[in-house]
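Chain letters run A, B, ... following the sequence lines, proteins first and then strands; every chain starts at 1.
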Number of protein chains: 2
Amino acid sequence: MTSIDDVAKLAGVSTATVSRVINNKGKYSEKTKLKVLKAVEELNYKPSTQARHLAKFRKGFNICVLYSERIKKHLISEKNEFIQKSFYSIVLKGIADGAQENKVKMDTLTFNEFIKKNTKYDGILILGSDKIPNNILECNIPIVFIDNYIVGKKTNSIVSNGFDGTYYTIDKMIKRGYKKIFHIHGSLMFYGFRRRFEGYELAMKNNNLFPITYEIKEEEESINYVMSMIMPKKPEIIFASNDSIAIMILKYLKNNNIKVPDEVQLIGFDDVIDATLVNPPLSTIKVFKYEMGNVALERLIELINGKNLHPYVTSLFTEFIERKTTKGV
Amino acid sequence: MTSIDDVAKLAGVSTATVSRVINNKGKYSEKTKLKVLKAVEELNYKPSTQARHLAKFRKGFNICVLYSERIKKHLISEKNEFIQKSFYSIVLKGIADGAQENKVKMDTLTFNEFIKKNTKYDGILILGSDKIPNNILECNIPIVFIDNYIVGKKTNSIVSNGFDGTYYTIDKMIKRGYKKIFHIHGSLMFYGFRRRFEGYELAMKNNNLFPITYEIKEEEESINYVMSMIMPKKPEIIFASNDSIAIMILKYLKNNNIKVPDEVQLIGFDDVIDATLVNPPLSTIKVFKYEMGNVALERLIELINGKNLHPYVTSLFTEFIERKTTKGV
DNA sequence: TTGTACGCGTTATCAG
DNA sequence: CTGATAACGCGTACAA
């Protein structure tokens with residue numbers, strides 16, 4: 001392992017100068033630059049990102065978290081309530097905690113606020129899958145996307161592994177002996193919904209069952225309409241794309257005097273706080289929102305420190321949380 | 001940001017003692033333990049993994065890379081050749097380079113060798129998707145899987161993003177005006193093949209084209225058989241699950257005097273060295289094998305240092321490399 | 001059982 | 001333009 005000292009010695013300069021050349025900061029002559037680069041080459045020197053982080057640490061970092069107007073409204077509307085309950089507020093907590101540990105100063109802004117503000121940041125975190133203005137994407141600093149992954153763009157993204165969680169859960173239900181498992185889903189244009197769909201589909205197929213799926217708009221009207229079509233077919237289990245849809249389904253079932261889980265079982269996805277508050281409490285597949293925020297921040301710091309620059313998607317594993325809308329074992 | 005010093009001060013002990021309690025190492029009285037834990041709690045202290053790494057660094061780590069007999073044979077057979085050319089040897093290089101930078105001592109063993117040897121390691125890297133003996137999976141140290149992801153097991157895995165690369169490439173071909181794009185694939189039991197399949201399928205569907213797919217065994221006989229069925233249908237482009245299959249297809253086409261890319265175009269996946277050596281050189285989707293090894297090692301070190309323990313899959317983006325089996329723009 | 005002091009590799013600061 | 005040196009936070013020999 002070769003350190004900056006080795007390079008300095010070989011080049012006949014101080015470590016400070018080596019650092020300056022490597023990071024292209026401060027002043028140095030062309031001559032020393034060449035000496036240093038030659039030594040770097042010769043020793044195959046790669047700076048330690050850990051040590052670099054520690055050294056930079058003193059100054060701290062400045063990042064900002066960006067989201068759409070829609071999400072902002074969502075977050076503000078919670079401020080008055082005692083529990084911060086939305087998906088995004090938990091993600092934000094994960095980011096904020098990580099920021100505190102890493103001496104990161106963090107602003108939270110909407111896309112438009114950011115564009116107007118024009119401050120310099122070391123990196124950006126983008127929250128959610130709403131449309132992002134192009135001039136944000138084109139700014140030349142590290143960006144990490146949370147719960148958003150656009151196929152064909154090579155972005156650093158943190159998402160939940162909906163495929164795996166769904167496959168695992170549906171397979172578990174089939175192993176309990178159920179066969180008539182239906183899937184009600186939102187638009188498959190969204191990566192998240194599509195992965196859950198695919199997990200459901202594969203679990204069914206691998207067990208020689210035929211997948212039965214219905215697309216809905218995420219509104220009560222649409223859901224009620226589809227439910228009225230579905231129920232005569234006597235599903236044993238309904239799996240919904242997310243908790244919000246599942247909860248609207250639950251409402252429909254109650255309004256129609258259909259007993260859950262006795263007559264039909266119900267499974268959601270996300271594990272939002274509401275899932276515990278409805279009656280009966282919703283069985284669901286938990287997304288690790290806090291960890292999502294945390295990991296996103298860590299990834300952003302990596303990028304700021306120049307580590308693992310090749311872009312990749314990080315998919316956090318989910319977990320089936322069994323409450324009272326399924327029958328248990 | 002609260003450091004070990006703050007905790008030490010509040011608890012009225014030295015930093016050494018705090019460290020001992022936190023890491024459960026060395027001796028300390030129950031009384032001091034309580035004092036320390038209370039201070040930790042109160043200050044919400046979380047040790048910096050970066051600093052921890054730097055401190056542990058002096059001792060270095062011991063890890064080992066495990067693979068099947070099959071892969072070992074593969075690797076050994078290359079030893080005599082001048083170019084280390086296989087997929088796995090490049091991954092290994094990525095691991096080895098990372099290991100050197102991080103003062104990690106690294107053994108490479110087959111599963112059986114490992115089981116016999118019974119040495120203590122700080123962590124394990126498992127290479128490839130061959131079957132892994134259970135007693136390895138059950139050993140209680142951090143494991144990172146490379147190019148292997150078993151649905152339903154919550155493992156830390158590094159894979160290539162076959163879905164994205166395939167979607168992007170097929171979409172590109174369709175935008176060039178081609179419609180008759182066929183996919184020849186290996187067993188969809190393998191996660192990697194399935195993701196490529198899904199990327200192909202979605203790209204076709206989103207462009208209102210009908211996906212046409214054929215499953216083969218990865219042997220010439222099977223491929224020749226399927227090819228003889230396919231060619232009368234006049235495909236414009238054939239996309240294969242990987243380069244090895246693509247190269248066998250290319251051989252078939254040559255043997256049958258079918259001109260590539262004039263009469264039919266061909267795309268592989270992986271970008272192994274052979275892809276550049278065949279005639280004409282193969283257009284393919286590149287997997288970043290070196291980065292895969294590198295990222296895997298970094299992830300393992302994270303786990304050893306107790307950082308980001310929630311398991312996740314890391315999917316590295318791929319890239320379309322256009323050579324001579326496609327017609328270019 | 002506990003504390004002191006140093007080292008890990010890097011960068012920022014300040015003096016020259 | 002360059003060098004010396006003090007941090008950054010943690011773990012651990014060694015001393016007490």
Side-chain angles (χ1 to χ4, degrees), chain A residues 1-36 39-40 43-61 98 100-104 122 301-302 304-307, chain B residues 1-36 39-40 43-61 98 100-104 122 301-302 304-307:
Chain A
M1 218 248 112
T2 141
S3 84
I4 200 171
D5 289 292
D6 306 326
V7 179
K9 210 160 287 171
L10 180 60
V13 298
S14 72
T15 58
T17 300
V18 175
S19 176
R20 277 187 279 259
V21 172
I22 302 257
N23 299 299
N24 194 20
K25 262 184 187 168
K27 301 278 177 189
Y28 45 85
S29 70
E30 194 64 18
K31 211 172 109 190
T32 52
K33 178 183 169 184
L34 290 176
K35 276 197 297 189
V36 169
V40 166
L43 297 173
N44 187 25
Y45 167 68
K46 305 254 175 60
S48 151
T49 51
Q50 325 267 349
R52 170 175 284 171
H53 177 79
L54 208 54
K56 278 191 177 175
F57 194 72
R58 216 178 326 175
K59 292 217 116 186
F61 303 95
Q100 208 197 337
E101 282 173 41
N102 289 286
K103 209 183 265 178
V104 170
D122 300 312
I301 291 176
E302 274 192 10
I304 293 173
N305 286 325
K307 180 175 177 182
Chain B
M1 216 252 110
T2 142
S3 82
I4 200 171
D5 289 291
D6 306 327
V7 178
K9 211 160 285 171
L10 180 61
V13 298
S14 73
T15 60
T17 300
V18 175
S19 175
R20 277 188 278 262
V21 172
I22 302 257
N23 299 300
N24 195 20
K25 263 184 189 167
K27 301 277 177 185
Y28 45 83
S29 71
E30 195 64 17
K31 213 171 105 188
T32 52
K33 178 183 170 183
L34 291 177
K35 277 196 298 188
V36 169
V40 166
L43 296 173
N44 186 27
Y45 168 68
K46 304 254 175 60
S48 149
T49 51
Q50 324 266 351
R52 169 176 283 172
H53 178 79
L54 210 53
K56 278 191 178 174
F57 194 69
R58 217 178 323 175
K59 293 215 118 186
F61 302 96
Q100 208 197 336
E101 282 174 41
N102 289 285
K103 210 184 268 181
V104 169
D122 299 314
I301 291 176
E302 274 192 11
I304 293 173
N305 285 327
K307 179 174 177 182

Requested in this report: Take the C1' atoms of the five end pairs on each side of the helix from C:dT1-D:dA16 to C:dG16-D:dC1, derive the two axes, and give their angle rounded to 10 degrees.
Outcome: 40°
**Report entry** Residue list, side chain to side chain contact (heavy atoms under 4.5 Å, CB included) with A:Ala55, at least two apart or on another chain
**Finding:** none
**Report entry** side chain to side chain donor-acceptor pair (under 3.5 Å) partners of A:Glu302, counting only residues at least two apart
**Finding:** A:Arg299
**Report entry** By ring pair (Phe, Tyr, Trp, His ring centres under 6.0 Å) - contacts of A:Phe61 (at least two apart)
**Finding:** A:His53
Query raised in the report: Just by protein heavy atoms under 4.0 Å, how would nucleotides 11-16 of chain C read 5' to 3' in B, S and -?
Result: BBS---
Query raised in the report: Roughly, in whole Å, what's the span from CD in B:Glu101 to P in C:dC8?
Result: 18 Å
Requested in this report: Sequence neighbours left out, what passes side chain to side chain contact (heavy atoms under 4.5 Å, CB included) with B:Leu34? Give chain and number order.
Outcome: none
Query - Partners passing side chain to side chain donor-acceptor pair (under 3.5 Å) against A:Ser29 (at least two apart in sequence or in another chain) - result: A:Thr32
Requested in this report: Quick one: list whatever passes salt bridge (Lys or Arg N to Asp or Glu O under 4.0 Å) with A:Lys56, sequence neighbours left out.
Outcome: none
**Report entry** More than 12 heavy atoms from other groups under 6.0 Å of NZ on B:Lys59
**Finding:** no
Query raised in the report: Given that B:Val13 and A:Ser48 both sit by DNA chain C, which one's nearest nucleotide is further toward the 5' end?
Result: B:Val13
Query raised in the report: For B:Lys35 and C:dT2, what is the distance between atoms NZ and C1' respectively, to the nearest whole Å?
Result: 10 Å
Hey, can you pull the donor-acceptor pairs under 3.5 Å for the side chains in residues 12-20 of chain A, sequence neighbours left out?
unit_1: A:Ser14; atom_1: OG; unit_2: A:Ala16; atom_2: N; d: 3.4
unit_1: A:Ser14; atom_1: OG; unit_2: A:Thr17; atom_2: N; d: 3.3
unit_1: A:Ser14; atom_1: OG; unit_2: A:Thr17; atom_2: OG1; d: 3.3
unit_1: A:Ser19; atom_1: OG; unit_2: A:Asn23; atom_2: ND2; d: 3.3

Report task. Extract, from 5' to 3' on DNA chain D, the first and final nucleotides lying under 4.0 angstrom from some heavy atom of chain A. Result -> D:dC1 to D:dG9
Requested in this report: Output every pair passing side-chain hydrogen bond (donor to acceptor under 3.5 Å, both in side chains) with a member in residues 2-13 of chain B, not counting sequence neighbours, ordered by first then second residue.
Outcome: none
May I have the list of side-chain donor-acceptor pairs in residues 44-51 of chain A shorter than 3.5 Å, sequence neighbours left out?
unit_1: A:Ser48; atom_1: OG; unit_2: A:Gln50; atom_2: N; d: 3.3
unit_1: A:Ser48; atom_1: OG; unit_2: A:Ala51; atom_2: N; d: 3.1

**Report entry** Euclidean distance, atom CG of residue A:Leu54 to atom C1' of C:dT10 [Å, nearest integer]
**Finding:** 8 Å
